[in-house]
Amino acid sequence: MEERTNNPAARLYRSMYLIRRVEEEIIRLYPTDKIKSPVHLSIGQEAVSAAVCDHLEKCDVVFGTYRGHALYLAKGGDVPRMMAELYGKVDGCARGKAGSMHLVDPEVNMMGTSAVVATGISNAVGAALALKMQKSKAIVVCFFGEGATDEGAWHESMNFASLRKLPILFVCENNFYAIYSHVKDRMAGPGLGARSRAYGIEAELIEDHVPMTLHERAGAAVAAVRRGEGPRLIECMTYRWRDHVGPTEDRVHRYRPDSELDAKIAGDSLRIVGDLLPGDLRKSIEVAEEKRVADAIAFAEASTFPEDKEIYDHVFAS
Amino acid sequence: MEERTNNPAARLYRSMYLIRRVEEEIIRLYPTDKIKSPVHLSIGQEAVSAAVCDHLEKCDVVFGTYRGHALYLAKGGDVPRMMAELYGKVDGCARGKAGSMHLVDPEVNMMGTSAVVATGISNAVGAALALKMQKSKAIVVCFFGEGATDEGAWHESMNFASLRKLPILFVCENNFYAIYSHVKDRMAGPGLGARSRAYGIEAELIEDHVPMTLHERAGAAVAAVRRGEGPRLIECMTYRWRDHVGPTEDRVHRYRPDSELDAKIAGDSLRIVGDLLPGDLRKSIEVAEEKRVADAIAFAEASTFPEDKEIYDHVFAS
Amino acid sequence: MSSPADVLRPEGRTLTYGEAVFEATRSEMARDPNVFVMGQGVDDARGMFGTTLGLHKEFGAERSFDVPLAEDAMTGIGIGAALMGMRPIQVHQRMDFALLCMNQLVNMAAKMSYMFSGAHRVPLVVRAIIGRSWGQGAQHSQAFHSYFMHIPGLRVVAPTTPHDAKGCLIAAIRDDNPVVMIEHRMLHNVRGVVPEESYEIPYGKARILSPGKDITIVGISHMALECVRAKHLLEAAGIDAEVIDPVSLSPLDIETIAGSVERTGRLLVVDTGWLSCGASSEILAEVFERIGQHRPFVARRLGYLPTPCPTTRNLENLYYPSPQSIADATYRLVRGADAAAWQPGTVDSREVAEFRGPF
Amino acid sequence: MSSPADVLRPEGRTLTYGEAVFEATRSEMARDPNVFVMGQGVDDARGMFGTTLGLHKEFGAERSFDVPLAEDAMTGIGIGAALMGMRPIQVHQRMDFALLCMNQLVNMAAKMSYMFSGAHRVPLVVRAIIGRSWGQGAQHSQAFHSYFMHIPGLRVVAPTTPHDAKGCLIAAIRDDNPVVMIEHRMLHNVRGVVPEESYEIPYGKARILSPGKDITIVGISHMALECVRAKHLLEAAGIDAEVIDPVSLSPLDIETIAGSVERTGRLLVVDTGWLSCGASSEILAEVFERIGQHRPFVARRLGYLPTPCPTTRNLENLYYPSPQSIADATYRLVRGADAAAWQPGTVDSREVAEFRGPF
Ligand SMILES: Cc1ncc(C[n+]2csc(CCOP(=O)(O)OP(=O)(O)O)c2C)c(N)n1
Ligand SMILES: Cc1ncc(C[n+]2csc(CCOP(=O)(O)OP(=O)(O)O)c2C)c(N)n1
Ligand SMILES: [Mg+2]
Ligand SMILES: [Mg+2]
């Protein structure tokens with residue numbers, strides 16, 4: 001990727017555009033029932049994964065959640081294998097056993113995602129412990145929703161990461177909701193920053209208005225962790241445009257005002273980043289990424305379902 | 001108790017003296033194997049339970065831990081039935097099924113204690129929720145060690161109590177150790193106060209030098225909760241003189257310096273409170289409490305073991 | 001309890017299983033102000049698949065409320081409220097999340113009555129929904145009823161019909177003990193006769209859903225329905241199966257089940273869960289202990305394949321027992337391993353086939 | 001594996017079970033720098049009943065360390081480290097606390113290999129100690145091996161002898177899969193022959209501790225020892241029992257057990273846990289499925305009484321199976337319910353009788 005060294009906005013746009021377009025295709029395909037598993041879309045939240053991962057090396061390790069398409073793609077996961085996985089095909093990144101909720105790509109150290117909220121957090125801390133024991137230069141980045149911070153596992157994980165000064169960046173994607181439940185109804189007190197600092201972990205709240213600012217702050221946080229300064233947390237304010245699960249825009253459930261959603265859509269971060277680019281660069285990125293998406297879908301369509309006997313494979317590693 | 005209305009030091013001394021003497025008797029008896037269950041002694045920590053409970057009414061509800069003798073006695077639990085319980089006798093507060101770790105006295109709203117660390121905390125919050133739903137004037141006081149705050153259950157419980165502004169006082173008895181593990185090796189960050197405030201719960205750290213100060217601060221905290229101001233936390237610095245479990249002084253394991261223990265013993269809070277009293281009042285309290293202790297032991301000795309068929313009783317409530 | 005008439009024949013008012021759960025909850029909330037409902041999303045626009053829809057409006061936000069993602073503490077909070085005389089109903093959208101509650105359920109709820117020799121009681125209801133629906137994968141499809149059956153001090157019910165769902169939940173709410181009620185997501189839209197009045201389904205009473213003489217098939221939860229379908233397939237092979245729904249898993253009505261095996265000489269247990277140390281091993285072991293000495297019989301167990309649940313549809317279809325696989329296993333048990341091959345017909349498990357995503 | 005010679009005859013160097021666990025851990029830590037130990041108190045002066053004593057001094061504080069009271073996250077941390085190629089050994093002083101880890105063990109560790117089709121492996125060892133000792137009561141005495149046996153993707157071992165403890169732990173550490181090793185506190189001080197060299201005990205191989213022809217007694221963990229004692233009591237009644245120690249609970253060597261029952265026609269399973277949906281129901285069910293069609297047999301199960309564990313000694317003594325109660329049950333199974341009354345002699349279970357408080 002030639003933009004890697006010279007134009008962060010271009011890199012960000014490429015990554016975010018890919019995520020957006022992959023998910024728009026999922027929305028288009030979903031009614032065909034070719035994707036027979038729940039999908040938790042990241043549309044609206046692309047900037048977080050894209051901005052953070054832009055600062056990561058291949059050897060850096062990321063953990064995410066069932067809302068994991070964006071992270072998988074931003075970390076450089078294989079697009080055709082992701083689509084094949086959603087189709088439940090044998091060429092999927094987990095041979096059809098995982099579906100949308102458990103994407104994995106060990107090639108780029110995208111660890112598998114979990115559908116049980118907050119369970120990946122302690123795993124990420126454990127990976128950071130291992131990296132420290134192995135004297136690796138890599139770091140771990142752990143993504144989770146604000147809802148996950150309700151869980152005891154978050155508390156225990158933060159405490160241990162801080163005690164051991166582990167090389168881990170916690171990234172909270174605060175999209176205000178856990179399913180249809182607003183964060184203010186679930187989280188008492190002054191906020192995540194105060195909680196994080198109460199474990200001795202520096203924290204920063206990053207509003208979602210300007211993706212390039214997010215990019216810069218995320219870079220600073222990654223750099224601090226990489227310098228061995230111990231864990232950090234960034235709380236990235238963001239918003240999902242679609243329903244908690246599934247492809248719809250979800251205005252029917254009325255847990256959030258239409259005006260709130262409309263304002264977020266109007267402030268589309270993908271457009272903001274795209275507008276920073278010269279038109280021809282932007283166009284060339286779009287053309288290239290459109291082709292990747294189309295190829296990935298074709299790949300998924302062409303792949304076959306696993307044979308019946310595969311059901312018994314991999315219960316144990318051997 | 002005539003001291004109830006006029007002399008807090010006398011009340012405190014009576015309560016602390018009873019706890020100390022009951023536990024000294026347990027130490028004396030333990031080598032006889034009449035008490036066939038683990039005992040977690042509170043000697044050195046008497047002031048916390050005594051000071052807090054002095055501000056409570058019978059209707060107020062307390063939850064504690066396996067280190068629960070002090071709380072049971074301070075809340076006004078039945079002394080003979082406690083001793084009989086330690087002996088495993090049928091007149092014990094749980095007919096011998098509980099032993100030292102699960103003391104209970106519903107008469108004074110001493111809820112049963114649990115041997116699994118931190119498990120009682122959410123139960124206490126649930127009781128506070130019930131009191132609020134029932135529009136009761138009573139409050140809940142929840143005692144736990146600093147080790148319990150490591151657990152995810154603590155985090156989840158604090159958050160919920162704060163969200164709902166429940167009538168509950170959290171009392172952390174910080175005795176520095178969880179078994180032989182020092183708090184600084186387990187707890188990252190600036191301390192429990194900061195953690196507590198991160199949930200929006202006001203917190204106060206109370207050093208253990210002056211029991212009467214502890215008494216006063218505890219009273220203020222109880223009063224605030226009673227006024228409906230929502231949950232509070234007090235962190236009471238204290239120290240156990242004996243081994244984590246069992247009767248010995250435990251200088252052999254060398255997890256704590258002798259000098260640390262010696263200094264704490266020298267600063268005995270029981271003596272400090274006793275010294276505040278006129279000699280004859282002090283003496284009369286001691287005589288009365290000695291008799292209670294002796295009577296309780298005689299009661300326990302005289303009681304019998306449960307019949308075999310009792311083993312099937314109370315698996316279910318009926 | 002042994003007549004299938006009232007639950008299987010379409011006489012009288014019908015409700016879906018989900019509606020029956022809702023009706024039980026609502027009527028008990030109206031009857032007893034101490035009853036309340038808590039769980040993630042119980043008061044949202046989906047209302048836990050409709051089973052709690054609008055209760056917060058009718059009874060106030062204090063009595064049906066959303067909770068933070070904190071399964072462990074929320075269970076403990078339910079227990080604490082129950083200790084004080086309240087009657088909480090805690091709902092888990094997926095039983096998989098109940099793994100976070102094992103400490104409170106096993107170490108606390110199940111033991112308090114005993115540990116304190118009756119000084120406390122814990123009238124807590126835990127509704128745990130088995131999440132099979134639409135490619136849910138390994139972490140959203142599990143069934144842990146055997147975990148609860150293992151524990152003295154817990155009651156476990158797994159009603160199959162709307163009728164029993166209503167009556168089991170009412171009994172659970174009124175019980176002074178902790179009760180875990182297992183609900184299979186595939187049952188929520190199934191319809192059946194449900195009396196309007198209030199009634200309790202007693203613990204420890206199995207239900208003969210459909211009598212027969214050649215083999216006893218015990219089907220747990222959603223599998224009872226699949227077993228009834230298998231029974232119809234088997235008619236083509238001239239096999240007359242008796243289908244039993246245990247309804248209550250702990251206590252278990254082993255008498256009815258063993259009595260049936262005594263007649264048929266054959267037993268197939270079909271569980272909606274794994275076999276090893278599961279409900280199916282317990283049922284088989286107890287039947288054997290009870291009648292094995294004097295009545296020879298043959299037996300088999302079916303359940304989830306011994307793997308985590310795969311996501312892709314063709315493997316998922318293998319993973320769960322189906323009317324076909326049940327019929328096939330039954331046929332071989334009745335006719336013997338060497339019998340001529342037989343191909344069961346096909347039948348639609350409507351609630352499975354018609355289920356659409358996203359979840 | 002079927003010869004009892006090497007484990008029961010006092011030839012060669014002897015160690016206690018606790019020492020054998022220590023030796024296995026220490027030698028594996030020396031062999032493989034990725035092996036590390038974590039758990040509350042593993043590096044303190046008691047060193048987890050001696051099984052981890054001083055390892056932090058020998059291998060550094062990074063490789064044997066105390067942890068906060070955070071069972072859930074510490075399990076997840078172990079899993080995360082294992083994903084990165086480390087080989088953590090997590091120790092629970094009481095298996096009761098492992099209830100806090102069920103989510104990580106069941107939803108994560110057991111599923112990762114499968115969910116990700118082999119992209120990940122989780123070489124994690126969980127040592128869980130059954131806490132019976134000294135009036136530990138309801139929350140410090142439980143045994144949950146059946147919970148782990150229920151789950152595809154977990155291996156479960158429950159060695160009884162020091163010999164097997166060493167070999168099972170070495171195998172577990174070298175295994176690329178999550179393994180739960182069950183240790184009974186009452187076994188830690190029991191002594192037996194343990195070869196100095198390194199060896200692995202294979203999964204899925206039961207051990208015939210003592211051959212016999214009248215009845216097959218399967219004893220799990222500490223119960224295997226009690227069963228051997230019961231066998232000696234039964235000699236006075238002229239009953240020759242075969243005692244089998246499954247060693248590996250998942251996978252289970254049902255072939256050896258069923259083969260024995262095929263010879264004896266009688267089966268008693270004695271578990272150190274509750275019966276319902278327990279290891280004993282699984283063993284009985286599998287034996288029946290395997291031989292029931294062609295070999296009639298009688299069977300019974302013994303285990304904890306179906307109550308929480310009471311604290312007071314006289315009730316606690318009833319709660320746990322003992323050589324006497326095992327002998328008694330065996331006698332009645334062999335001689336029939338109507339046989340003349342027989343009073344087993346007495347035998348000391350030394351490790352139980354000699355155990356002193358405080359914990
Ligand atoms: C332990 C657990 N509890 C509940 C659920 C059901 N659930 C799935 S996603 C979700 C919301 C999580 O919200 P958040 O962490 O903010 O992530 P987001 O979906 O907003 O990305 C819930 C409650 C679950 N999967 N796991
Ligand atoms: C969940 C759980 N983990 C571990 C233990 C073992 N354990 C018993 S007491 C204890 C120490 C608790 O320390 P703290 O909360 O400070 O209370 P203290 O004993 O100092 O009063 C530990 C680790 C337990 N009982 N429960
Ligand atoms: Mg969210
Ligand atoms: Mg402490």
Side-chain angles (χ1 to χ4, degrees), chain A residues 30-31 33 35-40 66 85-90 92 94-102 114-119 145 147-154 178-182 185-188 243-248 252-255 305-308 310-315, chain C residues 39-48 61 65-76 92-101 103-104 131 133-142 274 304-320 353 355-359:
Chain A
Y30 208 73
D33 286 349
I35 297 172
K36 285 200 185 59
S37 85
V39 289
H40 301 77
Y66 51 89
E85 187 59 40
L86 296 191
Y87 273 64
K89 299 287 184 75
V90 75
R95 302 185 70 82
K97 291 229 175 94
S100 159
M101 298 201 288
H102 309 298
S114 166
V116 182
V117 172
T119 46
T149 70
D150 296 355
E151 294 278 2
W154 182 77
I179 308 187
Y180 306 146
S181 169
H182 197 279
D185 297 325
R186 287 179 286 107
M187 189 173 179
D243 197 349
H244 167 71
V245 55
T248 76
V252 295
H253 288 120
R254 317 217 63 77
Y255 60 95
F305 290 104
E307 284 178 58
D308 285 0
E310 282 217 19
I311 196 166
Y312 293 108
D313 292 348
H314 299 299
V315 176
Chain C
Q40 289 160 22
V42 294
D43 58 359
D44 73 18
R46 289 191 197 259
M48 199 55 70
F65 55 82
D66 185 39
V67 300
L69 282 83
E71 287 80 1
D72 172 72
M74 290 317 306
T75 307
H92 295 289
Q93 203 173 30
R94 297 276 184 275
M95 210 197 292
D96 313 68
F97 313 151
L99 290 177
L100 287 158
C101 313
N103 181 48
Q104 283 290 338
S133 47
W134 179 263
Q136 293 282 325
Q139 296 176 329
H140 275 52
S141 53
Q142 296 165 96
W274 288 300
Y304 294 173
L305 291 190
T307 75
C309 182
T311 299
T312 192
R313 183 56 67 97
N314 68 321
L315 299 189
E316 197 189 41
N317 284 343
L318 291 173
Y319 178 79
Y320 293 105
F355 198 96
R356 316 287 291 192
F359 87 126

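Chain identifiers are assigned alphabetically (A, B, ...) following the order of the sequence lines, protein sequences preceding nucleic acid strands; residue numbering begins at 1 within each chain. This one's a predicted model, so the numbers in the text were calculated from it and none came from an experiment. Values reported hereafter were calculated over all heavy atoms of this structure, with side chains retained and with hydrogens, waters and symmetry mates removed.
- The OH atom of A/Y87 lies 15.5 Å from the CZ atom of C/R313; values are rounded to the nearest 0.5 Å.
- Only the side chain of C/L305 comes within less than 4.5 Å of a heavy atom of chain A; its backbone N, CA, C and O stay farther away.
- C/E316 does not touch chain A: none of its heavy atoms, backbone or side chain, sits under 4.5 Å away.
- Side chains of C/Q136 and A/S37 form no contact here, defined as non-hydrogen atoms less than 4.5 Å apart.
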>> Is there a side-chain contact (heavy atoms from CB on, under 4.5 Å) between C/Q93 and A/I179? Walk through the geometry before answering.
In response: CA-CA 12 Å; C/Q93 203 173 30; A/I179 308 187; 4.0 Å; yes
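- When every heavy atom of C/N314 is checked against every heavy atom of A/P306, the shortest pair comes out as ND2-O, 2.8 Å.
- In this structure, chain A has no heavy atom under 4.5 Å from any part of C/D96.
- Using a 4.5 Å cut-off between heavy atoms, C/R94 does not touch chain A at all.
- With a 4.5 Å cut-off on non-hydrogen atoms, C/F65 does not touch chain A at all.
- Under the 4.5 Å side-chain criterion, counting only non-hydrogen atoms from C-beta, C/Q139 is in contact with A/H102.
- Taking the ring pair (Phe, Tyr, Trp, His ring centres under 6.0 Å) definition, one finds that A/H253 meets it with A/Y180, sequence neighbours left out.
- Here the closest non-hydrogen pair linking C/P358 and A/Y30 is CA-OH, 3.3 Å.
- The heavy-atom pair separating C/P308 from A/V315 by the smallest distance is CD-CG2, 4.2 Å.
- By number of non-hydrogen pairs under 4.5 angstrom with chain A, the leading residue of C/A45, C/S133, C/P68, C/P310 is C/P68.
- Nearest heavy-atom pair, A/V116 versus C/H140, reported as atom, atom and distance to 0.1 Å: N-CE1, 4.5 Å.
- When side chains are defined from C-beta on, C/F97 does not count as touching A/V117, because their heavy atoms never get closer than 4.5 Å.
- Note: C/D44 CG to A/Y255 OH = 9.5 Å, rounded to the nearest 0.5 Å.
- Looking at heavy atoms from C-beta onward, C/L315 lies in side-chain contact with A/K97 at the 4.5 angstrom threshold.
- Between chain C and the options A/P38, A/A94, A/S114, heavy-atom pairs under 4.5 Å are most frequent for A/P38.
- Atom CZ of C/R356 is separated from atom CG of A/D33 by 3.5 Å, given to the nearest 0.5 angstrom.
- Applying the side chain to side chain donor-acceptor pair (under 3.5 Å) test to C/T311 and every residue at least two apart in sequence or in another chain returns nothing.
- For C/D66, the part lying near chain A is the side chain, with the backbone staying farther off; criterion is any non-hydrogen pair under 4.5 Å.
- Both the backbone and the side chain of A/I311 have a heavy atom closer than 4.5 Å to some heavy atom of chain C.
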>> Would C/T312 and A/F305 count as a side-chain contact (heavy atoms from CB on, under 4.5 Å) here? Give the steps.
In response: CA-CA 8 Å; C/T312 192; A/F305 290 104; 3.6 Å; yes
